[in-house]
Amino acid sequence: MATVRMAARLFLVAVFIATAFGKPAYDDSSDEDHSAHLLARSAHAQSRATAPTDQERTPEYWSDMARASLAAALRLQTLNTNVAKNVVLFLGDGMGVSTVTTARILKGQKAGNPGEETVLAMDSLPYTAMSKTYNIDAQVPDSAGTATAFLCGVKVEGGVVGVDGRTRYGNCSSSKGREVESIIVHAERAGKSTGIVTTARVTHATPSPAYAHSAARGWEADSDLTAEARDNNCTDIAYQLVEEAPDIEVIMGGGRRKFTPRSMADPESGSGDRDDGVDLIQRWQDSKSGTARYVWNGTDFRNVDPDSTDYLLGLFESSHMKFSADRTSDPAEEPTIADMTRKAIQILQKNTNGFFLLVEGGRIDHGHHGATAVKALEETVALDDAVQVAKDMLSTSDSLIVVTADHSHTLAFAGYPDRGHPIFGKNVYKYSNPDYTWDGLPYTTLLYGNGAGYGLAETTRGNTTHVTRQNITDVNTADKEYRQQSAVPLQSATHAGEDVIIMADGPMAHLFHGVQEQHYIAHVMMYAACLGEYTDHCDKPATTKPATDAGAAARGSLYTVGLTAVLCGLQILAATRF
């Protein structure tokens with residue numbers, strides 16, 4: 001022990017000498033420019049009322065905050081090892097870390113604050129991890145492959161739904177016998193109720209692996225099937241949801257046209273997509289033994305009584321639901337994702353065995369694809385409102401809440417904006433020395449690596465023609481239709497491949513730690529709820545619906561004793577070493 005302490009002291013001395021007297025191994029001329037910039041920014045901040053506050057300038061403010069955070073962290077040492085009666089998975093489609101950060105600022109600024117100090121509902125979930133999102137055939141993933149990972153527990157090729165990695169995209173015959181079961185299947189089998197809420201089509205890439213098996217995410221209606229798929233008796237995703245899927249109690253989102261025939265007019269516009277002439281909405285209603293409600297507008301939705309409703313199918317648009325930024329205050333308007341989450345929990349929690357609920361903010365991704373950051377971030381704020389609903393309605397003593405993303409996007413949050421600078425505003429470049437690599441034109445804090453915001457303009461100065469970025473001086477960059485500038489011209493901005501965050505609270509939430517493969521999420525949720533292969537360590541046997549209240553059941557006594565022994569051993573070991 002003395003030898004170890006001596007080695008540690010020598011190492012610290014060496015580090016001190018190296019940092020105090022070592023020569024810099026870089027050209028520090030850039031630091032001088034950066035210092036000038038910081039001085040300019042500091043002087044500018046003195047004249048602004050938004051930030052920093054007088055309180056933030058005191059060391060006591062930050063010490064008090066840190067002590068409160070430490071106290072909260074110390075309380076987390078008492079682990080919640082209950083069985084998760086309920087599990088709610090919130091999935092922000094395309095919600096990378098830069099999206100979470102900038103949505104946090106937006107939410108704060110919408111409340112009249114600088115924004116950076118805001119705490120999202122998802123931020124308050126105390127356990128975090130990072131998720132590696134690649135598909136087995138792609139560095140940068142697709143949403144169907146990632147959803148199969150976090151719902152079914154296996155990594156697969158991009159574009160496939162609810163099948164294993166031996167299935168080849170677009171090849172129906174390769175999917176036969178390769179079906180995998182989702183956490184919804186296991187929850188239904190254990191006697192729980194289940195639900196799906198999404199702002200995309202309910203047959204889209206994220207929700208479909210919860211109930212369907214398909215070699216192609218695009219096979220949403222029978223008219224989407226290829227000749228090879230028909231020859232090999234593959235069925236479409238909407239058909240599987242109604243005719244072949246588990247008995248899901250709550251289904252809400254968009255996508256009416258995938259369920260209705262071409263001969264049927266849509267109540268808002270257009271007609272159905274189905275070639276087989278089948279009205280799957282009517283079939284869904286006819287197949288239910290309990291009280292089943294189908295709704296397609298906000299008025300009917302709000303009139304649904306959860307106490308007297310056993311099944312709810314809400315299809316609020318022919319395709320995807322509207323962006324939050326496009327909605328009105330009309331009472332007949334389609335419900336928000338928070339509204340749908342609340343109604344779903346009210347219906348599902350009547351089952352005394354508990355429930356599993358998937359809630360997808362599907363249009364975050366669509367806003368990013370269009371390089372419209374306003375729409376993407378408004379969707380993220382809307383998803384966070386839904387997270388708050390779940391936190392308010394459920395107890396984390398017996399309910400596991402998980403928030404994550406399937407993949408990121410190329411959204412960059414950059415520049416040197418002042419504290420409280422409007423998140424959709426233009427940057428002010430403040431370097432005091434001339435920077436000849438800068439084109440002199442304003443740019444927004446939010447930019448995309450690629451997408452539809454790319455554009456060049458020609459200007460003539462004397463006899464010389466210059467090609468520059470578009471001048472956005474007089475452009476309203478906070479408009480919901482504004483496309484942030486991008487580096488590479490693409491009709492649709494792509495996904496990004498960096499890790500995404502997992503945030504969680506409730507039973508076994510501490511198992512989310514470190515950097516994990518994305519399929520780990522499904523396994524933690526099933527372990528916490530004692531589903532599928534993870535039933536042997538639980539006191540509660542599988543039951544059929546309806547059943548008696550399972551409550552916040554403790555795990556098997558051997559498991560509890562073993563965990564306690566391990567924790568005590570670690571504490572003793574730490575005390576003897578230090």
Side-chain angles (χ1 to χ4, degrees), residues 161-162 172 184 188 194-214 216-227 229-231 233-305 308-322 332-335 340 343-344 347 358 360 362:
V161 168
C172 166
I184 275 188
E188 287 283 342
T194 57
I196 294 171
V197 166
T198 179
T199 53
R201 294 191 296 270
V202 298
T203 51
H204 208 237
T206 295
S208 58
Y211 59 83
H213 313 284
S214 178
R217 55 177 281 181
W219 295 347
E220 295 182 57
D222 66 317
S223 58
D224 300 318
L225 295 171
T226 63
R230 293 191 189 91
D231 290 343
N233 297 317
C234 278
T235 55
D236 63 88
I237 293 170
Y239 181 88
Q240 291 185 54
L241 176 56
V242 174
E243 301 287 1
E244 301 174 0
D247 197 24
I248 302 171
E249 279 79 2
V250 175
I251 304 164
M252 285 188 281
R256 281 193 304 264
R257 71 182 193 220
K258 301 299 180 182
F259 295 83
T260 57
R262 296 189 187 278
S263 59
M264 179 180 292
D266 187 85
E268 292 182 300
S269 63
S271 60
D273 276 358
R274 302 197 66 80
D275 287 336
D276 58 10
V278 175
D279 180 357
L280 288 175
I281 295 173
Q282 188 61 53
R283 281 204 182 181
W284 179 88
Q285 292 176 287
D286 294 342
S287 68
K288 303 306 177 189
S289 56
T291 303
R293 291 287 307 275
Y294 164 67
V295 294
W296 64 268
N297 60 69
T299 299
D300 290 345
F301 166 83
R302 291 174 180 87
N303 289 332
V304 171
D305 177 13
S308 61
T309 302
D310 300 314
Y311 296 91
L312 176 61
L313 174 63
L315 299 175
F316 301 105
E317 284 288 343
S318 175
S319 183
H320 303 301
M321 294 181 69
K322 292 179 181 177
E333 181 64 270
E334 62 192 43
M340 293 189 290
K343 189 83 74 175
I347 294 172
L358 168 66
E360 183 204 13

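Scope of the values below: all heavy atoms of this structure, side chains included, with no hydrogens, waters or symmetry mates. Just so you know, these numbers come straight off a predicted model, no measurement behind them.
Here the side chains of V161 and P209 are in contact, with some heavy-atom distance below 4.5 Å. With a 4.5 Å cut-off on side-chain heavy atoms, M252 and P335 do not count as touching. Residues S223 and R262 are in side-chain contact: their nearest non-hydrogen atoms beyond the backbone lie under 4.5 Å apart. Residues T291 and S308 have side chains not in contact (no heavy-atom distance under 4.5 Å, counting atoms from C-beta outward). Side-chain contact between D236 and D224 is absent, with no heavy atoms from C-beta onward closer than 4.5 Å. Side-chain contact check for T194 versus Y211: every heavy-atom pair is 4.5 Å or farther apart. Side-chain contact between M340 and M321 is present, with heavy atoms from C-beta onward closer than 4.5 Å.
The existence of a salt bridge linking R201 and E220 is confirmed by a sub-4.0 Å separation between a basic side-chain nitrogen and an acidic carboxylate oxygen. K288 has a carboxylate O that lies under 4.0 Å from a charged side-chain N of D247, or vice versa, which qualifies the two as a salt bridge.
In this structure, T198 and P207 approach most closely via the heavy-atom pair CG2-CG, 4.3 Å. Pairing each heavy atom of C172 with each of A229, the nearest pair is CB-CA, 3.6 Å. Contact detail for G290 and Y311: the closest heavy-atom pair is N-CE1, 4.1 Å. Nearest heavy-atom pair across R302 and E334 is NH2-O, 4.2 Å. Counting all heavy atoms, side chain and backbone alike, D222 lies closest to R274 at OD1-CA, 3.2 Å. Smallest separation of non-hydrogen atoms from R283 and V278: NE-CG1, 3.5 Å.
Here CG of D305 is found 11.5 Å from CG of L312. Values are rounded to the nearest 0.5 Å. Rounding to the nearest 0.5 Å places CG of D273 at 12.0 Å from CZ of R256. Rounding to the nearest 0.5 Å places CG of L280 at 11.5 Å from CD of Q285. Rounded to the nearest 0.5 angstrom, T203 OG1 and K258 NZ are separated by 6.5 Å. To the nearest 0.5 Å, atom CD of residue E360 and atom OG1 of residue T199 are 6.0 Å apart. Interatomic distance, E333 CD to F316 CZ, rounded to the nearest 0.5 Å: 11.0 Å.
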(message) Go through it in stages, so that I can follow the logic: the residues are Y294 and D300, the test is side-chain contact (heavy atoms from CB on, under 4.5 Å), and I'd like the CA-CA distance, side-chain angles, deciding distance and then a yes or no.
(response) CA-CA 9 Å; Y294 164 67; D300 290 345; over 6 Å; no
(request) List the steps and the verdict of side-chain contact (heavy atoms from CB on, under 4.5 Å) for L241 and I248. (result) CA-CA 9 Å; L241 176 56; I248 302 171; 4.1 Å; yes
(message) Assess the residue pair D266 and R257 against the criterion (side-chain contact (heavy atoms from CB on, under 4.5 Å)); give the C-alpha distance rounded to whole Å, side-chain angles, the decisive distance to 0.1 Å, and a yes or no.
(response) CA-CA 7 Å; D266 187 85; R257 71 182 193 220; 5.5 Å; no
(request) Tell me, with the steps shown, if W296 and L315 meet side-chain contact (heavy atoms from CB on, under 4.5 Å). (result) CA-CA 5 Å; W296 64 268; L315 299 175; 5.5 Å; no
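Remark: side-chain polar atoms of E317 are not paired, donor with acceptor, to backbone N or O of K322 under 3.5 angstrom.
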